[in-house]
Every structure is written in structure tokens, then in C-alpha cells.
Amino acid sequence: MHALGLAGMPRRIPDYPDAFSGWNWVSSLGSWVSVVSLAVFFVVVYLTFTSRKKFENKKTLGFLYRD
């Protein structure tokens, strides 16, 4: 979107010039990727908090556990 602004793409209009249609599509695709990744993140957080598994791998967080 920053590159589109630098190229002179107008904002807040219902129809963009044809010169920007390709970059507008790329920008729209990037926003959908962000939405999907945010949904996956919240699903993983939900599954993590609702699972009954106990964390057993102390080597991963070895700096917290001193023997």
C-alpha cells in the first residue's frame, strides 16, 4: 500500500484507475493473507488454552528451570 501511495494511487474512491488494478489486487491479497493468519493464530491460542496437556519439555525453556 505504501508503494501504491508513492505511485500516486488515489485513496477513498469507489473505482481505481486501470493502471493500479494489478497492485490493488496484490494489496487485497496481502490483506486476506493477514486475515487468515490472524484467524489461525486465534485458533492456536484457543486450542492451547483449552487443552489439558501438561508441558513436559524442560529443555526448551531450560533457562527457567535450574537443576
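These values consider heavy atoms only, across backbone and side chains, with no hydrogens, waters or symmetry-generated copies. Positions are given from 1, in the same order as the sequence printed here.
- Remark: Val44 engages Val40, Thr48 in a side-chain contact (heavy atoms from CB on, under 4.5 Å) (not counting sequence neighbours).
- Hydrophobic clustering (side-chain heavy atoms under 4.5 Å, transitive across Ile, Leu, Val, Met, Phe, Trp, Tyr) groups Phe49 together with Phe41.
- Taken together through direct or relayed side-chain contacts under 4.5 Å among Ile, Leu, Val, Met, Phe, Trp and Tyr, Val43 and Val36 form parts of separate hydrophobic clusters.
- Nearest approach of Ser31 to Ser28, heavy atoms of both residues: OG-O, 2.7 Å.
- In this structure, Tyr46 OH and Ser51 OG are separated by 11.0 Å, a value rounded to the nearest 0.5 Å.
- Applying the side-chain contact (heavy atoms from CB on, under 4.5 Å) criterion to Ser27, with sequence neighbours excluded, gives Met1, Leu4.
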